[in-house]
Amino acid sequence: YSANVLDTRKPTATTVEIYSSNASSTLAKVGDTVTLTIVTDESVENVVGTISGESAVITQGADNQNWTITRTMDGTETEGLLVFAIDFMDLANNVATTVVATTDSSAVTFDKTSPVISGVSIATGSYKIGDEIIVTIISDATGYSKEVVVVNGVTLGSLTDMGNDTYTITYTVSSEDSDRTNVGDIPVSVTLVDAAGNVSATYELSPTSEGTVSIDANRPTIQLATANPDPAGPGVVTITVVFSEAMDTTTVPTVSITGL
């Protein structure tokens with residue numbers, strides 16, 4: 001004796017998860033692969049899926065209850081929280097209700113926009129060896145990190161997010177850095193990166209300042225020193241010293257004479 005069993009129940013997805021190949025699995029940029037994994041409560045077939053309304057690759061896992069839906073982001077997708085849709089049917093041709101939500105609250109946000117840098121400014125001042133110079137970077141948003149920041153040929157360290165789309169970074173003048181007499185002559189090279197890994201175009205325009213900026217990063221050297229008897233009388237010697245740059249004449253020099 002045999003009997004036909006009528007199956008009219010729709011299959012369902014018991015597990016639905018989404019993640020990205022990005023360093024942060026909840027973010028995606030162009031080139032990243034977004035993956036949906038689903039587990040159904042029975043064997044299914046004819047699985048079809050879209051991510052952000054775009055076609056995706058369907059792959060069966062260990063059996064026909066385990067499936068993955070993947071898409072490599074190419075920039076045609078809409079920015080923001082990624083939407084998806086998964087359709088399938090069981091072996092009795094019962095069509096499932098379209099799956100549009102995860103079961104574990106996982107989500108991926110797509111970001112295809114790179115940071116934009118609009119300016120770099122340097123605090124007014126006359127700077128010497130050991131002085132700290134505050135460099136301000138103006139961008140289009142907060143939350144960025146430093147990719148590379150180079151000022152006056154020196155690669156700088158930590159970037160501070162000040163809010164209001166501005167960032168600061170400190171340049172400490174070291175011996176034998178390049179001397180500068182004009183803020184516009186100080187070379188800068190700034191690249192920022194957002195949380196999804198989108199990298200800005202490198203900003204290399206001349207920095208600005210609200211006042212005068214100069215950098216003196218080289219200690220003066222004595223280029224010539226002569227000692228001549230003074231006609232004023234015996235025992236008086238005139239010492240003439242030629243320095244490599246102009247000196248502060250308000251400071252009394254210290255002179256040591258050896259061998260006397």
Side-chain angles (χ1 to χ4, degrees), residues 18-32 34 51-52 73-83 105-174 177-217:
I18 188 171
Y19 59 90
S20 169
S21 63
N22 191 283
S24 172
S25 63
T26 61
L27 298 173
K29 65 180 187 305
V30 173
D32 289 338
V34 175
I51 295 175
S52 191
M73 312 303 281
D74 62 10
T76 60
E77 304 83 3
T78 301
E79 284 192 301
L81 196 66
L82 288 176
V83 297
S105 299
S106 58
V108 172
T109 299
F110 179 53
D111 180 359
K112 62 182 177 181
T113 303
S114 296
V116 176
I117 302 168
S118 57
V120 174
S121 64
I122 293 178
T124 300
S126 298
Y127 300 101
K128 64 184 184 303
I129 296 169
D131 286 346
E132 294 184 344
I133 301 176
I134 303 301
V135 179
T136 300
I137 300 165
I138 311 299
S139 69
D140 62 329
T142 58
Y144 296 151
S145 300
K146 179 198 71 172
E147 182 76 0
V148 178
V149 177
V150 180
V151 174
N152 202 25
V154 178
T155 300
L156 305 186
S158 300
L159 187 74
T160 300
D161 189 339
M162 303 299 292
N164 298 321
D165 304 343
T166 64
Y167 302 81
T168 60
I169 195 166
T170 302
Y171 161 42
T172 302
V173 180
S174 296
D177 286 354
S178 296
D179 291 345
R180 306 292 177 181
T181 57
N182 188 328
V183 66
D185 295 333
I186 301 173
V188 298
S189 179
V190 180
T191 309
L192 301 179
V193 59
D194 66 18
N198 296 299
V199 179
S200 72
T202 300
Y203 185 94
E204 294 182 323
L205 298 179
S206 297
T208 61
S209 180
E210 294 182 353
T212 301
V213 175
S214 64
I215 299 174
D216 184 351

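How far CG of D179 is from OG of S214: 9.0 Å, rounded to the nearest 0.5 Å. A distance of 8.0 Å separates OG of S145 from OH of Y167, quoted to the nearest 0.5 Å. Once rounded to the nearest 0.5 Å, the distance linking CG of D165 with CG of D140 reads 6.5 Å. Taking NZ of K29 as the reference point, atom CG of L27 lies at 10.0 Å (rounded to 0.5 Å). Here the CG atom belonging to D194 is positioned 10.5 Å from the CD atom belonging to E147, to the nearest 0.5 angstrom. Put simply, CE on M73 and CG on D32 are 8.5 Å apart, with the number rounded to the nearest 0.5 Å.
Side-chain atoms of D161 never come within 3.5 Å of backbone atoms of T142 as a donor-acceptor pair (strictly under, hydrogens ignored). Of the possible donor and acceptor atoms, none in the side chain of Y171 sits under 3.5 Å from a partner among the backbone N and O of I122. With hydrogens and angles disregarded, a donor-acceptor distance shorter than 3.5 Å links the side chain of N198 to the backbone of D111. Counting only distance, with no hydrogens or angles, the side chain of D216 and the backbone of S126 share no donor-acceptor pair below 3.5 Å.
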*Under the side chain to side chain contact (heavy atoms under 4.5 Å, CB included) rule, what do L81 and T109 come out as? Steps first, then yes or no, please.*
CA-CA 4 Å; L81 196 66; T109 299; 3.8 Å; yes
*Take I186 and V151 through the test side chain to side chain contact (heavy atoms under 4.5 Å, CB included) and record every step on the way to the result.*
CA-CA 7 Å; I186 301 173; V151 174; 4.0 Å; yes
*Please test T166 against N164 for side-chain hydrogen bond (donor to acceptor under 3.5 Å, both in side chains), starting from the C-alpha separation and ending with a verdict.*
CA-CA 6 Å; T166 64; N164 298 321; 5.8 Å; no
*Using the side-chain hydrogen bond (donor to acceptor under 3.5 Å, both in side chains) rule, take S189 and T202 through it: C-alpha gap first, then chi angles, then the decisive distance, then the call.*
CA-CA 6 Å; S189 179; T202 300; 5.1 Å; no
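No side-chain heavy atom of T191 sits less than 4.5 Å from a side-chain heavy atom of V193. Taking 4.5 Å as the limit, some side-chain heavy atom of I215 sits within range of a side-chain heavy atom of I133. For the pair S158/I169, no side-chain contact is recorded, criterion being any heavy-atom separation below 4.5 Å from C-beta on. At least one side-chain heavy atom of I137 sits under 4.5 Å from a side-chain heavy atom of V149. Under the 4.5 Å side-chain criterion, counting only non-hydrogen atoms from C-beta, V120 is not in contact with L205. Side-chain contact check for T136 versus T168: some heavy-atom pair is nearer than 4.5 Å. At a threshold of 4.5 Å between non-hydrogen side-chain atoms, the residues L192 and S139 count as touching. Side-chain contact check for R180 versus P187: some heavy-atom pair is nearer than 4.5 Å.
The heavy-atom pair separating S52 from E77 by the smallest distance is OG-CB, 3.5 Å. Across all non-hydrogen atoms, the minimal contact from G157 to K146 is O-NZ, 2.9 Å. Between P115 and S200, the closest heavy-atom pair is O-CB, 3.1 Å. Annotation for T76 and D74: closest pair OG1-OD1, 2.6 Å, computed over non-hydrogen atoms. Nearest heavy atoms, G130 versus T172: O-CG2, 3.9 Å. Nearest heavy atom pair, residue A217 against residue S174, reads CB-O, 3.5 Å.
T208 and S121 share no donor-acceptor pair across their side chains, judged by distance under 3.5 Å alone.
Evaluation of the side chain to side chain contact (heavy atoms under 4.5 Å, CB included) rule for V30 yields F110, K112 as partners, not counting sequence neighbours.
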